[in-house]
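One structure is given below, encoded as structure tokens.
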Amino acid sequence: MGKNIVEKILAGHLVSGNLTPGEEIGIRIDQTLTQDATGTMAYLQFEAMNMAKVKTELSVSYIDHNTIQIGFENADDHCYLQSVAQKFGVVLSRAGNGICHQVHLERFGKPGKTLIGSDSHTPTCGALGMIAIGAGGLDVAQAMAGEPFYLACPSVIRINLQGQLTPWVSAKDVILKVLEIFTTKGNVGTIFEYSGDGIASLSVPERATITNMGAECGVTTSVFPSDELTRLFLGSQQREQDYTELKADHDAAYARTVDIDLSQLEPLTARPHSPDNIGTVSGMKGIPVNQVCLGSCTNSSYKDLVTVAKILKGRTVHPDVSFILSPGSRQVLDNLARDGYLADLIASGARLMENACGFCIGNSQSPKSGAVSLRTSNRNFPGRSGTMDADVYLVSPETAAAAVITGRFTDPRDLKMDYPEIQMPRNLVIDDSMIIRPDHTQSNIEICRGPNIGDPPSSTPLPDIISGQVTIKVGDKITTDHIIPAGARMKYRSNIPRYSEFVFENVDASFAKRALALKEKGGHNIIVAGLSYGQGSSREHAAICPMYLGVRTVIAKSLERIHAANLINFGILPLNFLKDSDYDAIDQGDDLEISELKTAITEGRKLIVRNKTKGISFPVRYTLSSRQKQMILAGGALNIRSGQ
Ligand code: MIC
Ligand code: SF4
């Protein structure tokens, strides 16, 4: 039988296990990426591994998230990252050069290669025919040290795109449709592979919008074939030599096939407060809009921004709207400027921000109280914008532009104008002067360590009895933004004790204090959660900070892939309820006990949780490979390395 694209790439990189869905496999990693908000911790962990240089074909460190620099903390992190990159042979993309996923797509991604990145939207590069996976910083550090990346072998779902998009409907509407079909939960352990005649009309940046937001479905990654359009894209980046063709065999098998007819799609939106809460834009018609944010790693290609520039040319931003523009990369900004489109955008009243994550991560441009904000980014979790009661809708650039003009939710097909035809420039301006390549002739590079740079965190081995309290009980779809907020708090990423004060800040502000108090009395903190716990970002701080506060286990109805791996990496035991009624029977504040942990886990026996407050017991399940059991017993991956 023939192979699909995923099988071809995985088979070429397999170092352990069999390609049987669900079984743990180890794969060789060709490329890594980090960004500054997760990168400092990843490099601190890499330093602790005592390696002379990274062992990958390419590792790139991006500075794109924490660029606001109020106080010394962000700048301290940047200085650390620049010096550590020089020391260990890592390429550095400086602040101002753009958002990691956009820049990696433009300058570094290669068909057929593997990439892991300490950011959940790393799958963006699947648009180039890569297996590109988001992971915790520690997993990325291990890959930089030349170790395999371990994951449950995914099953492959084929998304068959047919037909062509109609005017005013674009790639964002395709992925919103995918989110409507698959939702944000229940897709752990799968990969989306795109195929069908519809892909012939989707350029690489359009494909990237689709692979980027596959992350919201919780899939391991998404991948497109590498075809003529890939060759054209790489050629426009003066990288045609990086092109290889990659396609599925005609008799390749898939776990499931889902057909989407592109010609039937209409402009869609993800309504507050989840990327899978899909509705039609025409259904929202007339809702007053206060803010429109264009950019982020989802929708800030040259084509996206030129489309908006052409729609806005000669018009003025509606007086009730604040229109924010964050180009995805310096390359996009350079080309917009050269071709005159930037002038059109500025003339219309756009507020030009840095080429960085900015509004998307809520570290700037929080909307007013109760605002309606339309964003071309990928997440609209509650509070992520920095304004707790704002209603954030995710939309395409076309829908965003329509609201900029009218001040209301408007179906862009109702704008009385022709859909702008965009010609990609023949010669893009390519300027890598903000990318610093390591100078291998230099030795003795001193690492720049300001006061914001702490030590990598550590934990103690798993006790034989977890005895403690349900310090918090939460419901379904708790995101890492709920667990540890980013935005204004993100500057403490390199300072774990300080950042830990904000765990569950927007869910229960007293959590951190209560948890620390119990830890100091020798008790263990237990988190009880519903479905799909740990959705969203890859930030390992959602595990490290709870670990610091003394959390030893999370008992959930289900957990998302990256977060579950991060918990294990930091010695927190992820457990699953067998019955929903067991979840219902627990209350916050209950005293729980799980005993004989070491022998039960070593021998693979089931665990029983005793609820001492209620006088009842219930069994729980865990899925740990033998490698993960070792990590859990040792209290985390770093303890295994240091031989604790
Ligand atoms: C996000 O979009 O939530 C982030 C910020 O890019 C995160 C990474 C982080 O928390 O630093 C992600 O998606 O992994
Ligand atoms: Fe940055 Fe937003 Fe993309 Fe995360 S989703 S990498 S914060 S632009």
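One-based numbering along the sequence shown. Ligands are counted one by one from 1 in listed order, and the atoms in each one are counted from 1 as well. What you see is a predicted model; the values in this text were computed from it and never measured.
Looking at Asn569, its side chain never comes within 3.5 Å of a backbone N or O of Gly136 through a donor-acceptor pair. Looking at Asn380, its side chain does come within 3.5 Å of a backbone N or O of Ala270 through a donor-acceptor pair. A distance-only check finds no donor-acceptor pair linking the side chain of Asp30 to the backbone of Lys113 [under 3.5 Å]. A donor-acceptor contact shorter than 3.5 Å links the side chain of Asp173 to the backbone of Leu268. Using a distance-only test at 3.5 Å, with no hydrogens or angles considered, a donor-acceptor pair links the side chain of Asp76 to the main chain of Asn452.
Take a cut-off of 2.8 Å around atom 1 (Fe) of ligand 2: the protein N, O or S atoms inside it are Cys357 SG.
Close approach of ligand 1 to Ala37 (heavy-atom distance below 4.0 Å) involves ligand atoms 11 (O). Every atom of ligand 1 with a heavy atom of Arg379 under 4.0 Å away is listed here by number and element: 1 (C), 2 (O), 3 (O), 12 (C), 13 (O). Close approach to His65 involves these atoms of ligand 1, each under 4.0 Å from a residue heavy atom: 4 (C), 5 (C), 6 (O). Distances below 4.0 Å separate heavy atoms of Asn378 from the following atoms of ligand 2: 5 (S).
When the options Val178, Leu179, Val174 are evaluated for a side-chain contact (heavy atoms from CB on, under 4.5 Å) with Met213, the one that passes is Leu179.
Of the protein's heavy atoms, Arg539 NE, 2.6 Å lies nearest to atom 10 (O) of ligand 1. Of all protein heavy atoms, the one lying nearest to atom 12 (C) of ligand 1 is Ser537 CB, 3.1 Å. Considering only non-hydrogen protein atoms, atom 8 (C) of ligand 1 sits nearest to Gln35 NE2, 3.2 Å. Among protein heavy atoms, atom 13 (O) of ligand 1 sits closest to Ser120 OG, 2.5 Å. The single protein non-hydrogen atom nearest to atom 11 (O) of ligand 1 is Arg493 NH1, 2.7 Å, given as residue, atom name and distance.
Legend: residues meeting salt bridge (Lys or Arg N to Asp or Glu O under 4.0 Å) with Glu73, ordered by chain and number and at least two apart, are Lys491. A search for ring-ring contact (aromatic ring centres under 6.0 Å, His included) contacts involving Tyr43 returns nothing, not counting sequence neighbours.
Of the candidates Thr38, Thr480, Ile361, Asn363, it is Ile361 that places a heavy atom closest to atom 5 (C) of ligand 1.
Residues Asp77 and Arg493 are not paired through a salt bridge, judged by the lack of any N-O separation under 4.0 Å between the basic side chain and the carboxylate.
Here the shortest heavy-atom pairing between Pro397 and Leu294 reads CB-CD1, 4.0 Å.
For Tyr533 and His563, the gap between ring centers is short of 6.0 Å.
Remark: SG of Cys448 is found under 2.5 Å from SG of Cys79.
Contact annotation for Asp119 and ligand 1: heavy atoms of both the backbone and the side chain come within less than 4.0 Å of the ligand.
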May I have the list of side-chain donor-acceptor pairs in residues 94-102 shorter than 3.5 Å, sequence neighbours left out?
| from | atom 1 | to | atom 2 | distance (Å) |
| --- | --- | --- | --- | --- |
| Asn97 | ND2 | Ser93 | OG | 3.0 |
| His101 | ND1 | His121 | O | 3.4 |
| His101 | NE2 | Asp119 | OD1 | 2.9 |
| Gln102 | NE2 | Glu106 | OE2 | 2.9 |

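Within the structure, ligand 1 has Arg384 among the residues with a heavy atom less than 4.0 angstrom away. For His541, the closest heavy-atom approach to ligand 1 does not fall below 4.0 Å.
Residue Ser538 has at least one N or O atom closer than 3.5 Å to an N or O atom of ligand 1.
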